Protein chains: 2
Amino acid sequence: MNIGEIAKRAGVSRSTVSYALSGKRTVSDNTRQKIQRVIDELGYRPNASARALANGRTSTIGLVFPPAGDHYTGMQLDFIGSVVEAAATHDYDVLLSPSGVDSDRSFQRLLGERRVDGAILMEIRLEDDRVDHLAALGFPCVAIGRTAHPENGWWVGLDHTALAAACVRHLADLGHRTIAFVNRPETLLRTGYESARRGLEGFTKAAAERGLTVRTYCCGDDAASGQACLEQILHDEPATTALVTLNEAALGGIYRGLAQADRHVPRDFSVTGVVAGRWAETVTPQLTAADVPAEEMGRRAVELLMERLDRPDATPRHHLLVPPISLRASTGPAGLPGKAEVPASAPFPQS
Amino acid sequence: MNIGEIAKRAGVSRSTVSYALSGKRTVSDNTRQKIQRVIDELGYRPNASARALANGRTSTIGLVFPPAGDHYTGMQLDFIGSVVEAAATHDYDVLLSPSGVDSDRSFQRLLGERRVDGAILMEIRLEDDRVDHLAALGFPCVAIGRTAHPENGWWVGLDHTALAAACVRHLADLGHRTIAFVNRPETLLRTGYESARRGLEGFTKAAAERGLTVRTYCCGDDAASGQACLEQILHDEPATTALVTLNEAALGGIYRGLAQADRHVPRDFSVTGVVAGRWAETVTPQLTAADVPAEEMGRRAVELLMERLDRPDATPRHHLLVPPISLRASTGPAGLPGKAEVPASAPFPQS
DNA sequence: CCTTTCAAGCGAACCGGTTCGACGATCCGG
DNA sequence: CCGGATCGTCGAACCGGTTCGCTTGAAAGG
């Protein structure tokens, strides 16, 4: 069932059918209706490959999501869902690319073989070959995340530095003096994964400003690792009374570890961090956290990409989001740190 | 950068380049190397649209995941991830289709416009227009899930009936006599969503066989709904001592509700169900549950689809999985049901 | 009545690959 | 030395759309 068949049955030429469909030239009402009738009758739809070949656009965008770890986190799902939906409203399909390793096979497929008109990159690293590579090629892409040199890029990002710092200040304001940081897995931190690096940086800086005693940890993306990490924290420094985490997958394990160590949240121990709102509300007590607006970020990324596709020479734009901390139930004033090994004095209970 | 350019620079014809690349006819070592050098130098990759047009295959499969609710569950992410990875090993890309509503726009795009060679359908309903429609068209697709008439279909499914029944028997064996069922949201149940229907059926039948007192509930896919649902359960029948759930997103809320009602898990109340293993391990105490092998299901679905694409007239195949219940920490012997309103006798503590 | 204008439609070329039939060169056996 | 098989390569057609330039017929204008 191709356009030639339609043309034959409607008694017109192929080009007339094409123009009737696209509206790029005038077609008399009479023939338009005749064509439309045939199309409806046969249920014809123009072949996407042929169309893509002819006009050089595939109406597809690539969503490059990476081999971040051995599995995916809930946040990624929110991104994927919102990107797909936003793309659909613009009549674009979304092609998933399982990996983002530079010069990787599947990456080559997307770009080299021109399967997509543009791409959205997830899981950005501070020094990201993929971003640099695409920028050098002038290939339309939008990053969900921000590299170390975001000046001339298109991206929508989260200010992880500010967010982690806000968490620290929140804890400091509650009187906590000894806190820990539970980061994403070590490999991610080492490879310069943006949120891990910037989060750590914001945490460290804000803690220094407030004169807090800190320890920082990396933690696998699963509950068991979270629990182990928490045990390590209490072992290394029993006086710890609070922690900040970026690791939503470990959250359940962290809570379990606290329960088993008899640290009641938030009476004995405060927990906060940067996670997707849905996760924050899943744990008990619900997590006071900077909620990652994944849905909004995905939508905005698509919007930026659409803009860029429409006007290839537009000047780079970006959105840096700083969601507020949602006060829930997992943080409270510092009480007796540890097992009363330290007096209950919170020297600088500011603000 | 197209095949003609390569041909020109290598001093051969376009067809020779094509044959050198595909190997479908012999090309002398000499010219092959000459061509390869040019290709490497220019970084040429054949255009996917043109190739798809020429040989009628897109090397893309569609993953139809539906507007199940207002958001996606963790399980879906696991499916998506495993499907994408499995497809990649077969040199296939995955196109995401946000919806599965029959005769829906995005569905039409995938099939009508021939963007994909085959499809994997998620979130199957017992009477599923999509499946029927595709079957009528003879379009290669594999369902993750099983309709009411799975005889001549390609699918990989979970025996939700057996799984829910196993949960019930597990609880009955522990002496529980009054249990509840927490299903997915009501709209899903009403529209004939497979797991909701079959799970409910298995629960009901097994409970009847064991002579248990039951109540069944639908529950929104989020923690707040889970908590509300649990409160309702205890309000309706305080003697309830256990529940079975299919709703992993509500799990956190259920636990919270239990904690607030002072029902200790598993001492006072047992919880079990059918959820992804990762979620089961996130809550405390960890959930005794039939772990949904999402990763395996996605992989098998892709394998079936590949088989079907290779041999269009192959006879339908399927996999019905019945994962065992993983004993963790959320179930235990029935103690004093409710607040000791009922004596602690478990009349039929069968094997 | 003759020219100009314009709407409507047609044919051909093109997008970038794949594939089929043909053709010249080389090699072999008789 | 000739005839047929084999190898390597080429040209052309094709996949199913889009788009440009041209033709035609009718209406409008002088």
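Note that the structure is predicted; figures quoted are calculated from it, not measured.
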Does A:Asp78 reach the main-chain N or O of A:Glu295 with its side chain, forming a donor-acceptor pair under 3.5 Å?
-> no
Nearest-0.5 Å distance, CZ of residue B:Arg317 to CG of residue B:Leu304 = 5.5 Å
Just checking, is any N or O donor in the side chain of A:Gln33 or A:Asp29 under 3.5 Å from an acceptor N or O on the other one?
-> no
Would you please say whether a donor-acceptor pair under 3.5 Å links the side chains of B:Arg109 and A:Tyr92?
-> no
For the helix from C:dC1-D:dG30 to C:dC27-D:dG4, how many degrees between its two end axes (five pairs per end), to the nearest 10°?
-> 60°
Identify each donor-acceptor pair in which a side-chain atom of residues 149-156 of chain B lies under 3.5 Å from a protein atom, sequence neighbours left out, and give them as a table.
from     : atom 1 : to       : atom 2 : distance (Å)
B:Trp155 : NE1    : B:Pro150 : O      : 3.0

Base, sugar-phosphate, or nothing for A:Thr26, non-hydrogen atoms under 4.0 angstrom?
-> sugar-phosphate
Between the NE2 atom in B:His319 and the CZ atom in B:Arg300, the distance rounded to the nearest 0.5 Å is 4.5 Å
If you take all heavy atoms of A:Ile124 and A:Ile144, which pair is closest and at what distance?
-> CG1-O, 3.4 Å
Rounded to the nearest 0.5 Å, what separation is found between the OG atom of A:Ser18 and the CZ atom of A:Arg25?
-> 10.0 Å
First and last nt of DNA chain C near chain A, cut-off under 4.0 Å to heavy atoms, 5' to 3', are C:dA8 to C:dG16
Among residues 27-42 of chain A, which contact DNA chain D at a heavy-atom distance under 4.0 Å?
-> none
Proximity to DNA chain D (any heavy atom under 4.0 Å), residues of residues 48-61 of chain B only = B:Leu53, B:Ala54
In this structure, are over 12 heavy atoms from other groups packed under 6.0 Å from B:Asn30 atom CG?
-> no
When you compare the protein's N or O atoms with those of nucleotides 20-23 of chain D, which come within less than 3.5 Å of each other, and at what distance?
from   : atom 1 : to      : atom 2 : distance (Å)
D:dC20 : N4     : A:Tyr19 : OH     : 2.9
D:dG21 : N7     : A:Arg25 : NH2    : 3.1
D:dG21 : O6     : A:Arg25 : NH1    : 2.3
D:dG21 : O6     : A:Arg25 : NH2    : 3.4

How far apart are the closest heavy atoms of B:Ser82 and B:Ala294, and which atoms are they?
-> OG-O, 3.6 Å
Say you draw a straight line from CZ of B:Arg57 to CG of B:Leu309; how long is it, rounded to the nearest 0.5 Å?
-> 8.0 Å
Looking at A:Leu111, A:Leu121, A:Val116, A:Ile120, which one forms a side-chain contact (heavy atoms from CB on, under 4.5 Å) with A:Val64?
-> A:Leu121
Give a yes/no answer on whether the side chain of B:Ser13 brings an N or O atom under 4.0 Å of OP1 or OP2 in D:dG11.
-> no
Does any N or O in the side chain of A:Asp117 come within less than 3.5 Å of the main-chain N or O of A:Ile61, such that one atom is a donor and the other an acceptor?
-> no
Test A:Arg115 against every option in B:Asp93, B:Asn47, B:Thr58 by the side chain to side chain donor-acceptor pair (under 3.5 Å) rule and name the one that passes.
-> B:Asp93
Salt bridge present between A:Glu41 and A:Arg37 (N-O < 4.0 angstrom) | no
